[in-house]
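Below: one structure, written as structure tokens.
Keep in mind the model is a prediction, meaning the values are calculated, not measured. For the numbers below, each heavy atom of this structure counts, side chains included, while hydrogens, waters and symmetry mates do not.
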Amino acid sequence: MKIPPFDATCQYQSIRSDIEKSICAVMAAGRYIMGPQVKEFEAQFAQYLGCPQVISCNSGTDALHLALKALRIGPGDEVITVPFTFIATTEAIGIVGATPVFVDVDLNTYNIDTSLIEAKITERTKAILPVHLYGRPCNMTAIMEIARKYNLKVIEDCAQATGATWAGKKVGTIGDVGCFSFFPTKNLGCFGDGGAIATSDPMIAERVEYLRRHGGKIKYQHEELGLNSRLDTVQATVLLVKLPYLDQWNEARAAIADYYISQLAKVKGVVLPKVEQEGTSVWNQFTIRVLDGQRNQVQKLLKEKGVETMVYYPIPLHLQQVHANLEYSLGSLPVSEQLSHEVLSLPMFPELTAPAQQTVTESVKQALANIYSSV
Ligand SMILES: *Cc1c(COP(=O)(O)O)cnc(C)c1O
């Protein structure tokens, strides 16, 4: 049995006729850009999140970019974020001309270590940009407390955490602005690129709304440089079909996570992700740590059994060539560096069958048993 880390096609098959009907309706109606489904999706997603306003855009990366632009963060400003994330997080900060300032992550949660934030705040700090990695919510209580104390904005990177909650609230609705991605591998994915921001601040909503369409409130009158970053009508209609299933898909992921935890709890050499107590993870990834430098060997042994795994992320952002100018070096953010050598994401998607889940856990047990019997 070959088990992929993610498979978008089985979700499509499960709702195929509704998807095809809705796409055909868009094609027949001809409103391919900013058709009525775009507003309709924004309204329904806002309701799902429990947030006054959602503005859609072309990707999660653009959502971050637009949020920063809307807050007028630019050259000379610093934005506190983590190095253990996807490049889009710091790419957006760099593109607006601001400087990412890295705070290390916590070994147990993989998310920003909130005890290290205050030491990094300077007169130039404008915002904190926490990332809810692998679907797990950050400690938003601590982050909001620091932000209030220093009068900083909070931009949540929710790309991997659509539907996750912290202290009873959906992530993306706690900070000033939440940024979402509908890339196909995310918990709510479309058939291409897509993204959105959520906010309860009318100023941010208004600015993002016109910045995403060339920076003009009135057609052919442009006040400032914007982007071409609209959500395609076809993608909006796909998301409208999928949104009602999101909670059940997230519950299916949580059940797989429970099974993995029950089966792998006693495996030597493996540290499992801790279940969040103050919120709920939506398990975009189920990411274990493999100790003693054996991660790559485990990945290889799993591949031989047909179990495909992923490493998110092999090089932390402070060691990426693109950020060489920031002058971090090996050892400056030790937890992120350690995790980049230890993390391994097991197959995780709602439609992963019970036999496939069993193959995954049996293969992990065997791989680790092989390793520790031969040393
Ligand atoms: C996917 C992702 C993004 C970017 O989303 P796109 O829609 O692919 O542009 C940003 N941040 C994180 C943490 C992501 O995982």
Side-chain angles (χ1 to χ4, degrees), residues 80-86 89 102-120 128-146 154 156-161 163-169 171 174-175 187 250 253-254 256-295 298-299 309-319 331-346 348 361 364 368:
I80 289 176
T81 192
V82 286
F84 196 60
T85 175
F86 181 54
T89 311
F102 292 121
V103 165
D104 213 348
V105 295
D106 177 274
L107 195 58
N108 294 309
T109 64
Y110 312 128
N111 281 331
I112 192 163
D113 184 338
T114 54
S115 71
L116 304 176
I117 295 176
E118 282 192 83
K120 295 292 177 80
I128 307 172
L129 203 170
V131 181
H132 306 293
L133 201 72
Y134 306 146
R136 182 195 187 98
C138 294
N139 181 344
M140 290 306 295
T141 312
I143 292 167
M144 295 312 291
E145 222 173 85
I146 297 166
V154 174
E156 297 177 67
D157 184 338
C158 308
Q160 299 184 10
T165 63
W166 177 262
K169 279 186 156 179
V171 300
I174 304 165
N187 292 53
N250 283 342
R253 287 173 183 271
I256 297 167
D258 284 346
Y259 175 78
Y260 280 172
I261 289 169
S262 73
Q263 296 300 304
L264 299 176
K266 295 199 180 81
V267 178
K268 181 174 157 69
V270 162
V271 179
L272 299 178
K274 276 225 224 77
V275 173
E276 182 54 61
Q277 299 301 319
E278 282 187 66
T280 51
S281 171
V282 288
W283 300 103
N284 182 253
Q285 300 297 331
F286 187 91
T287 303
I288 63 173
R289 287 168 53 210
V290 182
L291 306 180
D292 301 327
Q294 298 295 334
R295 194 265 315 276
V298 169
Q299 185 170 41
T309 57
M310 301 294 282
V311 172
Y312 304 113
Y313 296 90
I315 305 173
L317 299 186
H318 66 289
L319 301 179
S332 51
L333 295 152
V335 178
S336 295
E337 292 166 23
Q338 180 183 343
L339 286 172
S340 70
H341 295 292
E342 292 183 345
V343 289
L344 191 65
S345 295
L346 304 183
M348 173 56 87
T361 55
V364 171
L368 272 299

State whether a side-chain donor-acceptor pair under 3.5 Å links Glu276 with Ser281. no

Is the side chain of Asp292 donor-acceptor paired with the backbone N or O of Gln294 at a distance under 3.5 Å, no angle test? no

With a 4.5 Å cut-off on side-chain heavy atoms, are Thr309 and Ser345 touching? no

Please check if the side chain of Arg295 supplies one atom and the backbone of Val343 the other of a donor-acceptor pair under 3.5 Å. yes

Approximate separation, where rounding is to 0.5 Å, of Asp113 CG and Asn108 CG: 10.0 Å

Do Gln160 and Leu133 make a side-chain contact, defined as non-hydrogen atoms from C-beta onward lying under 4.5 Å apart? yes

To check you understand the geometry: which heavy-atom pair defines the closest contact between Cys158 and Val171, and what is its length? SG-C, 3.9 Å

Quick one: pull up CD1 in Ile112 and OG1 in Thr85 and give me the separation to the nearest 0.5 Å. 10.5 Å

What I'd like to find out is whether the side chain of Leu264 reaches to under 4.5 Å of the side chain of Leu346, using heavy atoms alone. yes

pair Thr89-Leu129: side-chain heavy atoms closer than 4.5 Å: yes

Under 3.5 Å donor-acceptor, Gln299 side chain and Leu344 backbone: no

Considering all heavy atoms of both residues, which atom of His318 and which atom of Ser332 are nearest to each other, and what is their separation? CD2-OG, 3.6 Å

Under the 3.5 angstrom rule, does the side chain of Asp104 hit a backbone N or O of Ser336 as a donor-acceptor pair? yes

If only atom types and distance count, is the side chain of Glu156 paired as donor or acceptor with the main-chain N or O of His132 below 3.5 Å? no

To the nearest 0.5 Å, how far apart are NE2 in His341 and CD1 in Ile315? 9.5 Å

Test your reading of the model: is there a side-chain donor-acceptor pair from Arg136 to the backbone of Gly279, 3.5 Å cut-off? no

Keeping the roles fixed (side chain from Lys120, backbone from Phe102), state whether a donor-acceptor pair exists under 3.5 Å. yes

State, with a plain yes or no, whether a side-chain heavy atom of Glu342 is found less than 4.5 Å away from one of Leu291. yes

Between the side chains of Asn250 and Asn187, is a donor N or O closer than 3.5 angstrom to an acceptor N or O? yes

With side chains defined as the heavy atoms from C-beta onward, is the minimum distance between Ile143 and Val154 less than 4.5 Å? yes

Can you see which heavy atom on Val282 is nearest to which on Gly163, and at what distance? CG1-C, 3.5 Å

So, taking the atom named CE in Met140 and the one named CH2 in Trp166, what distance separates them when rounded to the nearest 0.5 Å? 9.5 Å

Shortest non-hydrogen contact from Asn139 to Ala142? OD1-N, 3.0 Å

Which residue, Phe84, Tyr313, Tyr312, forms the side chain to side chain contact (heavy atoms under 4.5 Å, CB included) with Leu339? Phe84

Please identify which of these residues, Val82, Leu116, Leu333, meets the side chain to side chain contact (heavy atoms under 4.5 Å, CB included) condition with Val105. Val82

Is there a side-chain contact between Ile256 and Phe286, using heavy atoms and a 4.5 Å cut-off? no

Which heavy-atom pair separates Met144 from Ile174 by the least distance, and what is that distance? CE-O, 3.4 Å

Looking at side-chain heavy atoms only, is the closest gap between Tyr260 and Leu272 below 4.5 Å? no

Counting N and O atoms only, with roles assigned by atom type, does the side chain of Tyr110 sit under 3.5 Å from a partner on the main chain of Thr287, one being a donor and the other an acceptor? yes

Given the rule in the side-chain contact (heavy atoms from CB on, under 4.5 Å) test, do Arg289 and Leu107 qualify, once you have shown the distances and angles that lead to the verdict? CA-CA 10 Å; Arg289 287 168 53 210; Leu107 195 58; 3.6 Å; yes

